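Read the structure below first, then the notes.
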Amino acid sequence: MTENTQQPATGPHGVPTDLPSRYTPAEVEGKLYERWVERGWFEADAKSDKPPYTIVIPPPNVTGSLHLGHAFQHTLMDALTRRKRMRGYEALWLPGMDHAGIATQNKVEQQLAEEGKSRHDLGREEFVERVWRWKEEYGGKILGQMRRLGDGVDWSRERFTMDEGLSRAVQTIFKRLYEDDLIYRAERIINWCPRCLTAISDIEVDHEERDGELVSIRYGEGENSLVVATTRAETMLGDTAVAVHPEDERYRHLIGTEVRLPLTDRGIPVVADEHVDPGFGTGAVKVTPAHDPNDFEIGRRHDLPSYTIMDERAVITVPGPFEGLDRLEARSAVVGALRSQGRIVAEKRPYVHAVGHCSRCATIIEPRLSLQWWVRVEPLARAAGDAVRDGRVAIHPPEMAGRYFQWVDNMHDWCISRQLWWGHRIPVWYGPNGEVVCVGPEEEPPTGEGWTQDTDVLDTWFSSGLWPFSTLGWPEETADLAKFYPTDVLLTGHDIIFFWVARMMMFGLYAMDGTPPFHTIALTGLVRDERGKKMSKSFGNSVDPLDWMDAYGSDAVRFTLARGANPGVDVPIGEDWVQASRNFANKVWNATRFALINGATVEGPLPAAERMSATDRWILSRLAAVVAETDAHYDDYQFAKLCDTLFHFAWDEVFDWYVELSKTTFQAGGEAAEVSRRVLGEVLDVLLRLLHPIVPFVTEELWTTLTGRESLVVADWPTAGGFRDEEAERELAEVRRLVTEVRRFRADQGLQPGQRVPSRLDLGGTGLDAHEEAVRSLLRLQPAGPDFIASATLPVGGAEVALDLSGAVDTEAERKRLTKDLAVAEKELAQTTAKLGNEKFLAKAPEPVKEKIRARREAAEADIARLTAQLERLAG
RNA sequence: GGGCGCAUAGCUCAGCGGUAGAGCGCUUCCCUUACAAGGAAGAUGUCACAGGUUCGAUCCCUGUUGCGCCCACCA
């Protein structure tokens, strides 16, 4: 409470209206959120008759806490579901978290490392136990952050990807895919991380341009020699061939012969393969089938043997001088040895080429021959692509669809097995005689001597891909699944289109008989700092949303994020932005406070149009337009625009003009005041409803006070198409113009804004007589006394304002202003006249455009006449 | 090597065929009885460059330059 609090103590409903003059988020947010949850308003009812509206949350990783990017997406999803709930939908926003296999395991391993231990010291079971404890701790933090943000999620349906139910879903679909021959086990070259000690999929590899060294090595002797180039010289220890193009004249004589592999005593064949580009390098390629995906394919085509030359940690295992060396040490050692034998014919360094790194730990990937489980992607990805192509699923913004197609149309088979402990264990058992049995969730695994379960776990994205239906109870035919699948909108960052979105599409279409998991994919940008830089912990510019929520309130953070949300575009955000939003919340607070003090009400029907002033009709007309605009922006996922619309309507029109104009009315009292009280109540009622999905806390607090009703969460969304009155809109535009022009004159004359000035106000011919009191009040114009002497007279439209400035007219300032305005008007006249004199323009321009130009010319002519007259008066 | 996007006020971004917009910042004045987290007034842009289409281009087309981003098994 502050001392400038106003009476009366109670408003129209006996509700206290002595709101403090500042909005203090901390005093209302926690209390309101708890109430919303207690009342169960976020809990969806699968048995409801209402149409469903479903969004599943992109489950955050349990590895940490929510960052601004999460807060951003959560705000948008919350706004969508809150609005739909208000519109009468059975709205479900389903929360949960992802176990994030490799990421979480790495975190816990780091923790162990600080204790000087490794996971192997604990053993698998104890280690997994430890990860669960980690999940409890960090998961709890995330849930707390979501509550602070005001996320209206259905906590009764909270899910975790390692829940029993979700694990059953994983097993079920694994078995189904296996039986459909869409999951298979095969030995292939995979991306191996020598630090994480697991295979990873193609998208988990980041390619970075790095400086390397390209060395050219002579294989074989004399006439029978050729030169190959490589950046990974150590792999030559595993070479089993040299390949050349079959048409390449230079090497035709060598095809089918053997060359001696340096540093070893092996002879390797020269094979002909179409894959080799004769124009690149020397046109001859060394072939290492066990350590390079291309070479593996060549090896397959030519039935070449594969020699694995490194262990899991990328240490050379080939007996000899290089044994025991790390791959990078081996690289220079091999090059050194070759050089001393005179076999290096050329070296190029630095040689810039793309090197794959583990996206989790940045270690350089080592391609490695390995037996893994795979998803046969082609049929699934084709279906996923078709669903978007034929319009069953829309991508917002549409430009992003290109990226989606680029991926689903070119996807390679997906390596899904991981040599980790944290995750869904592969439901396959191996028998003593090489039997392989895939075990479904309701089945008993085979028992008996020699049977063992596969020790690997599944890629974490395997279970996330099931999220839209596994969370609703699939494979059981639950009421939730029937009611809430398919979901409506999938809202997420464009950075996980491949990781997650495409996988959900593939699995959703497959598991749910061709029904895509959502009809709209709304892609957001990434949150960046105020200078457009990526936020990252290592860069020191990342922000904990809690800090800003503490300082400015959740609504301020939410409004800032939503206001920056242009579809698919990155969102820069700085603390200044949040302050501005905080100021907006405070402004809304104080406007409502003003309304309460003046007895604004929402009771009873709106007064008939005849009883309302033009000012009342104007604001209601604008309100109706804003409702329609807001709906349109929501339907198009244009959050930035809808925030902007509401911000400017509220501040520029309602607060700066309607409220200011109504002060005179309230002061005068009587029926007009009675009518305006109802209108002001209506405007705020609707405005608060419109703002609620974005800024739920402050609007809830104000609306319940204003209306005496229970909650905005379950209130109705305003319906568009109400009151429109263009005549009133024009009239008020005139009033605003009049006031603004006189204010400008006052400011030019150096008058203080509050200074009262004796004046004569002649509104004759403007039709604005009804606004005289309001205009006088806004302009601080005192009625002219008997000794009134006009020291300045200015015409505005059809009105004339004469002011007594006690003789102290600054004619120089006035002359400057008028001259400048005159120049502008003359330029305008010249432009429009030129246009209207252009025959081609007259012939081709559409009528509304011509009409506009004519109007502009008329306005310019009028301005010139007026300004010229004023200047003359000034001179004379 | 492919694909995509962006260049608009000091900063971050909207606009996208008919007089250049917002927020923040900036200047001047004001604690006017909702709000100084506020009010009033104001300044600021060859809309990257060069061509083209058009009666008219910041907006469409082509090219140039400069930045991003995504994808990629060319040794």
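What you see is a predicted model, and the numbers here were worked out from it, not measured in a lab.
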Testing the 3.5 Å rule here: is there a donor-acceptor pair between the side chains of A:Asp202 and A:His412? no
Is the shortest distance from a Lys or Arg side-chain nitrogen in A:Glu847 or A:Lys850 to a carboxylate oxygen in the other one below 4.0 Å? yes
Contact class for A:Val569 (heavy atom, under 4.0 Å): base, sugar-phosphate, or nothing? sugar-phosphate
Using a heavy-atom cut-off of 4.0 Å across all strands, would you classify A:Lys663 as base, sugar-phosphate, or nothing? base
Distance-only polar pair, side chains of A:Thr664 and A:Gln667, donor-acceptor under 3.5 Å: no
Note: for A:Asp277 and A:Glu208 on RNA chain B, the residue whose nearest nucleotide lies more 5' is A:Glu208
Answer with base, sugar-phosphate or nothing: what part of the nucleic acid does A:Asp656 contact at a heavy-atom distance below 4.0 Å? sugar-phosphate
pair_partner(B:rU27), Watson-Crick or wobble, both distances < 3.5 Å, evaluates to B:rA41
Nearest to the A:Gln752 side chain among B:rA37, B:rC30, B:rC13, which nucleotide is it? B:rC30
By nearest-heavy-atom nucleotide on RNA chain B, the more 5' of A:Asn583 and A:Ala595 is A:Ala595
Within the 3.5 Å criterion, strictly below it, is a donor on A:Arg854 or A:Thr832 matched to an acceptor on the partner's side chain? no
Tell me the interatomic distance from A:Trp577, atom CH2, to B:rA14, atom C1', rounded to whole angstroms. 14 Å
Return the nucleotide paired to B:rU46: Watson-Crick means purine N1 to pyrimidine N3 with N6-O4 or O6-N4, wobble means G-U with N1-O2 and O6-N3, both under 3.5 Å. none
Under 4.0 Å, counting only non-hydrogen atoms across every strand here, what does A:Asp295 touch: a base, just sugar-phosphate, or nothing? nothing
Would you measure the distance from the P atom in B:rU19 across to the matching atom in B:rU27 and give it in whole Å? 33 Å
Touch check for A:Glu660, heavy atoms < 4.0 angstrom, all strands: base, sugar-phosphate only, or nothing? base
Donor/acceptor link under 3.5 angstrom from A:Arg22 side chain onto base of B:rA37: yes
Which one is paired to B:rG68, where only Watson-Crick or G-U wobble pairs with both distances under 3.5 angstrom count? B:rC4
As an exercise, state the distance from CH2 of A:Trp651 to CG of A:Asn583, rounded to the nearest 0.5 Å. 6.0 Å
Out of B:rC35, B:rA22, B:rA75, which has the shortest distance to the side chain of A:Asp644? B:rA22
For A:Asn838, report the nucleic acid contact type (base, sugar-phosphate, nothing); a contact means any heavy atom under 4.0 Å. sugar-phosphate
As a quick check of understanding, evaluate side chain to side chain donor-acceptor pair (under 3.5 Å) for A:Glu701 and A:Tyr23, giving each step before the final call. CA-CA 10 Å; A:Glu701 182 73 3; A:Tyr23 170 51; over 6 Å; no
Under 3.5 Å, which N/O atoms of the protein pair with N/O atoms of nucleotides 67-71 of chain B?
from	atom 1	to	atom 2	distance (Å)
B:rC69	O2'	A:Arg403	NH2	3.1

Decide whether a cation-pi geometry holds between A:Arg563 and A:Trp577; the criteria are a distance under 6.0 Å from NZ or CZ to the six-membered ring centre and an angle within 45° of the ring axis. no
With no hydrogens and no angle check, do the side chains of A:Lys286 and A:Thr288 hold a donor and an acceptor under 3.5 Å apart? yes
Of the listed nucleotides B:rA34, B:rC13, B:rC73, the one nearest the side chain of A:Asn566: B:rC13
Quick check: any donor-acceptor pair below 3.5 Å linking the side-chain of A:Gln638 to the base of B:rA14? no
Could you tell me whether A:Lys835 contacts a base, only the sugar-phosphate backbone, or nothing, with contacts defined as non-hydrogen atoms closer than 4.0 Å? base
Just to confirm, is there a sub-4.0 Å distance from OP1 or OP2 of B:rG39 to any side-chain nitrogen or oxygen of A:Trp651? yes
Can you tell me the pairing partner of B:rC13 across any strand shown, Watson-Crick or G-U wobble, with both distances under 3.5 angstrom? B:rG21
Heavy atoms under 4.0 Å, any strand shown: does A:Pro846 hit a base, just sugar-phosphate, or nothing? base
Answer yes or no on whether A:Arg677 is positioned over the face of A:Phe666, meaning its NZ or CZ is under 6.0 Å from the six-membered ring centre and within 45° of the axis. no
Taking the same atom, P, in B:rA50 and in B:rU65, what whole-Å distance lies between them? 15 Å
Between B:rA34, B:rG23, B:rA75, which one does the side chain of A:Arg593 approach most closely? B:rA34
Measuring only the C1' atom in each nucleotide, how far is B:rU54 from B:rA7? A whole number of Å is fine. 24 Å
What distance, rounded to whole Å, do you find between the two C1' atoms, one in B:rG18 and one in B:rC60? 14 Å
What I want to find out is whether A:Arg746 reaches A:Glu741 closely enough, with some N-O distance under 4.0 Å, to be called a salt bridge. no
Winner on side-chain proximity to A:Phe280, out of B:rA14, B:rC35, B:rA75, is B:rA75
Distance only, no hydrogens: is a donor on one side chain within 3.5 Å (strictly under) of an acceptor on the other, for A:Tyr219 and A:Asp239? yes
Would you mind classifying the nucleic acid contact of A:Thr740 as base, sugar-phosphate or nothing, using non-hydrogen atoms under 4.0 angstrom? sugar-phosphate
Looking at B:rA72, B:rC13, B:rA75, which one has an atom nearest to any side-chain atom of A:Val276? B:rA75
How long is the line joining CD of A:Glu847 and C1' of B:rG18, in whole Å? 14 Å
If B:rU58 has a Watson-Crick or G-U wobble mate with both distances under 3.5 Å, name it; if not, just say none. none
If you measure from the C1' atom in B:rU8 to the same atom in B:rG66, how many Å do you get, rounded? 16 Å
With rounding to whole Å, what would you report as the distance between B:rU58 and B:rG21 at their C1' atoms? 12 Å
Any donor-acceptor pair under 3.5 Å between the side chain of A:Arg743 and the base of B:rA40? no
Given the C1' atoms of B:rC30 and B:rG15, what is the spacing between them in whole Å? 34 Å
Of the nucleotides B:rG23, B:rC35, B:rU32, which has the atom closest to the A:His648 side chain? B:rG23
Between B:rC24 and B:rA41, how far apart are the two P atoms, rounded to whole Å? 15 Å
Report which part of the nucleic acid A:Pro753 touches: base, sugar-phosphate, or nothing (heavy-atom distance under 4.0 Å, all strands). base
What verdict does the salt bridge (charged side-chain N to carboxylate O under 4.0 Å, His left out) test give for A:Asp555 and A:Arg582, after you've listed the backbone C-alpha separation in whole Å, the side-chain angles of each residue and the deciding distance to 0.1 Å? CA-CA 7 Å; A:Asp555 287 333; A:Arg582 182 270 315 265; over 6 Å; no
Nearest-Å distance, OH (A:Tyr552) to P (B:rA37)? 12 Å
Heteroatom pairs (N/O) under 3.5 angstrom, protein to nucleotides 43-48 of chain B:
from	atom 1	to	atom 2	distance (Å)
B:rA43	OP1	A:Lys820	NZ	2.6

If you only use heavy atoms from C-beta on, which nucleotide in B:rG42, B:rG18, B:rG23 is closest to the side chain of A:Arg563? B:rG23
Once you apply a heavy-atom cut-off of 4.0 Å, does A:Phe584 come out as touching a base, just sugar-phosphate, or nothing? nothing
Enumerate the side-chain hydrogen bond (donor to acceptor under 3.5 Å, both in side chains) contacts for residues 400-410 of chain A, please, sequence neighbours excluded, ordered by first and then second residue. A:Arg389-A:Asp409, A:Arg403-A:His494
